[in-house]
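Every chain is numbered from 1 and lettered A, B, ... according to where its sequence line falls, protein lines coming before strand lines.
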Protein chains: 2
Amino acid sequence: MATDYEKLYSAKSIVEKLNIPNKYMRRIMTNLSKNNFIVSIQGRDGGYKFMKSPDNIYLAEIIDSVDGIDKYMGCVLGFNECTPESSCAMHKSWTDTKEKLYNTLSKTSLANLIKDTINKF
Amino acid sequence: MATDYEKLYSAKSIVEKLNIPNKYMRRIMTNLSKNNFIVSIQGRDGGYKFMKSPDNIYLAEIIDSVDGIDKYMGCVLGFNECTPESSCAMHKSWTDTKEKLYNTLSKTSLANLIKDTINKF
DNA sequence: AACAAATGCTACAACGAAGTAGCATATAGA
DNA sequence: TCTATATGCTACTTCGTTGTAGCATTTGTT
C-alpha cells in the first residue's frame with residue numbers, strides 16, 4: 001500500500017492481499033485513520049490511503065498510537081517496582097536493548113522498509 | 001535464590017520476596033523442576049533449589065523450556081508464510097535483532113546476571 | 001430517489017495467559 | 001502413628017486480545 005501511497009485501496013483488496021479477517025482489519029484501519037496515519041473514504045468506491053508520505057511515517061509512531069508504547073517499555077520480568085535504583089537482575093541489559101530497538105523504530109519510516117527488500121507483503 | 005544456590009527456598013519465602021501469587025508461582029516452579037532446572041523437595045521443610053550451578057544455566061534454555069522458543073521466533077508482523085524468499089517488509093531487520101538477542105540470551109547465565117548489578121530481585 | 005458498494009460502530013464470542021480454589025500427596029518430628 | 005507444614009495436580013475463573021455479527025451510515029451511479 002505504501003508503494004503507491006496516493007492510491008486508494010479498498011478493505012476488500014487489502015484483506016485479500018494480506019489474508020486477514022475483513023471486519024477486524026477494518027476496525028484497525030478505522031483506528032489508524034482516527035490517529036491520522038491514513039484517510040478513510042466512505043461510500044461506494046471508498047477505501048483507505050495514506051494521509052502523508054511514507055517517508056514521514058515512522059514505525060515508533062504507529063506502534064505508540066495503536067498499542068501505546070508503554071506496553072513495551074516496562075520491566076522484562078514484570079516487576080512494577082523496577083527502577084534504576086532498585087532493579088531486577090536483567091534491568092540494565094534489557095533497558096539497553098529497548099533503547100536500541102526504540103531508536104531504530106524511531107528512525108525507520110515506511111518508505112525505508114519498502115526500498116530495503118523484495119517484499120511479499 | 002541463585003546467590004546461594006545450594007540452599008533450599010520455600011515457596012512461601014519466594015512469594016514474599018517477589019510479591020507474586022503463591023499458587024501460580026508454585027505451578028511455575030513445578031514446571032521448572034520437570035524441566036530439570038530446579039529440584040523440588042516435598043513435605044515438611046520442603047522447598048526448591050537449583051539442580052546445577054547458576055553458571056551453567058543460560059537464559060535461552062529457560063525461556064525455551066518454559067515458553068518454547070518458537071513463540072518468539074516467528075514473523076514480527078504475524079504472517080505465517082514469511083520466509084527469506086518471500087518475506088514481510090520488516091523481515092531482515094527483525095531477523096537480525098532476534099539473532100542478536102538470542103545470542104545474548106544463550107551466553108548469559110544466571111551467574112552472570114547476579115554479579116552484574118545490585119539487584120533487588 | 002433508489003440501489004449498490006463501500007466504511008463505521010458496537011455488542012458479543014472465542015481463545016490463551018494469568019491467577020484461584022480445593023483437595024491429594026509427601027515428609028519431618030513429637 | 002498422628003499432625004503440621006510443605007509441594008503437586010487439576011479444574012475453574014478472570015482478563016485482555018483477537019475475531020465475528022448485525023445493523024447504521026456514507027456516497028457514486030442510474
Side-chain angles (χ1 to χ4, degrees), chain A residues 1 6-51 62-82 88 121, chain B residues 1 6-51 62-82 88 121:
Chain A
M1 195 175 149
E6 293 192 309
K7 193 175 147 193
L8 202 63
Y9 292 84
S10 70
K12 198 179 167 201
S13 69
I14 299 173
V15 156
E16 279 166 5
K17 177 91 184 192
L18 298 184
N19 198 27
I20 53 178
N22 185 304
K23 292 276 180 114
Y24 188 44
M25 180 272 193
R26 269 156 61 197
R27 189 160 77 191
I28 293 167
M29 292 308 255
T30 303
N31 183 15
L32 284 173
S33 79
K34 283 184 179 156
N35 286 301
N36 295 116
F37 291 108
I38 58 177
V39 187
S40 82
I41 298 187
Q42 292 187 48
R44 186 171 159 167
D45 299 334
Y48 306 97
K49 63 173 186 152
F50 281 102
M51 193 159 212
I62 303 177
I63 294 171
D64 191 19
S65 139
V66 172
D67 284 347
I69 201 75
D70 295 352
K71 202 157 151 184
Y72 303 100
M73 289 295 147
C75 169
V76 221
L77 304 185
F79 295 112
N80 291 332
E81 323 82 349
C82 177
C88 77
F121 303 110
Chain B
M1 195 174 150
E6 293 192 309
K7 194 173 145 192
L8 202 63
Y9 292 83
S10 70
K12 198 179 167 199
S13 69
I14 299 172
V15 157
E16 280 166 5
K17 178 91 184 193
L18 298 183
N19 198 28
I20 53 177
N22 185 303
K23 291 276 180 116
Y24 187 45
M25 179 272 191
R26 268 156 62 198
R27 190 160 75 191
I28 294 167
M29 292 307 257
T30 302
N31 184 14
L32 284 173
S33 79
K34 282 184 179 157
N35 286 300
N36 295 116
F37 291 107
I38 58 177
V39 185
S40 81
I41 298 188
Q42 291 187 47
R44 183 171 163 168
D45 299 335
Y48 306 97
K49 63 173 186 154
F50 282 102
M51 194 158 209
I62 303 177
I63 294 171
D64 191 20
S65 138
V66 172
D67 284 347
I69 201 75
D70 295 351
K71 204 156 150 183
Y72 303 101
M73 289 295 148
C75 168
V76 222
L77 304 185
F79 295 111
N80 292 332
E81 324 81 350
C82 177
C88 76
F121 303 110

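- Side-chain contact check for I14(B) versus M1(B): some heavy-atom pair is nearer than 4.5 Å.
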Atom pairs under 3.5 Å, N or O on each side, protein against nucleotides 2-5 of chain D: can you list them with distances?
unit_1	atom_1	unit_2	atom_2	d
dT5(D)	O2	R44(B)	N	3.3

Walk me through whether I62(B) and L32(B) qualify under side-chain contact (heavy atoms from CB on, under 4.5 Å). CA-CA 8 Å; I62(B) 303 177; L32(B) 284 173; 4.2 Å; yes
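- Atom CG of L32(B) is separated from atom P of dT7(D) by 14 Å (rounded to the nearest Å).
- Look at CG on N31(A): it is 13 Å from P on dT17(D), rounded to the nearest Å.
- Contacts between residues 62-72 of chain B and DNA chain C, counted as heavy-atom distances below 4.0 Å, involve K71(B).
- Between I38(B) atom CD1 and dA6(D) atom C1' the separation is 14 Å, expressed in whole Å.
- Between T30(B) and dG8(D) there is a side-chain polar atom (N or O) within less than 4.0 angstrom of OP1 or OP2.
- In this structure, the CD1 atom of I14(A) is 12 Å from the C1' atom of dA6(C), given to the nearest Å.
- If you take CG of L8(A) and P of dA5(C), they are 17 Å apart, rounded to a whole angstrom.
- Rounding to whole angstrom units, CE of residue M25(B) and P of dC9(D) are separated by 15 Å.
- Taking atom CD1 on I41(B) and atom P on dT27(C), their separation rounds to 9 Å, with Å as the unit.
- In terms of phosphate contacts, S10(A) brings no side-chain nitrogen or oxygen within less than 4.0 Å of OP1 or OP2 of dA6(C).
- Between K34(A) and the phosphate of dT7(C), there is no side-chain N or O to OP1/OP2 separation shorter than 4.0 Å.
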Can you name the atoms? Protein N/O to nucleotides 20-22 of chain C N/O, anything below 3.5 Å, with the distance.
unit_1	atom_1	unit_2	atom_2	d
dT20(C)	O4	R27(B)	NH1	3.2
dA21(C)	N7	K23(B)	NZ	3.4
dG22(C)	N7	K23(B)	NZ	2.6
dG22(C)	O6	K23(B)	NZ	2.5

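- Between the side chain of N31(B) and the backbone N or O of R27(B), no donor-acceptor pair lies under 3.5 Å.
- Straight-line distance from the CD1 atom of I28(A) to the P atom of dT17(D): 13 Å, rounded to whole Å.
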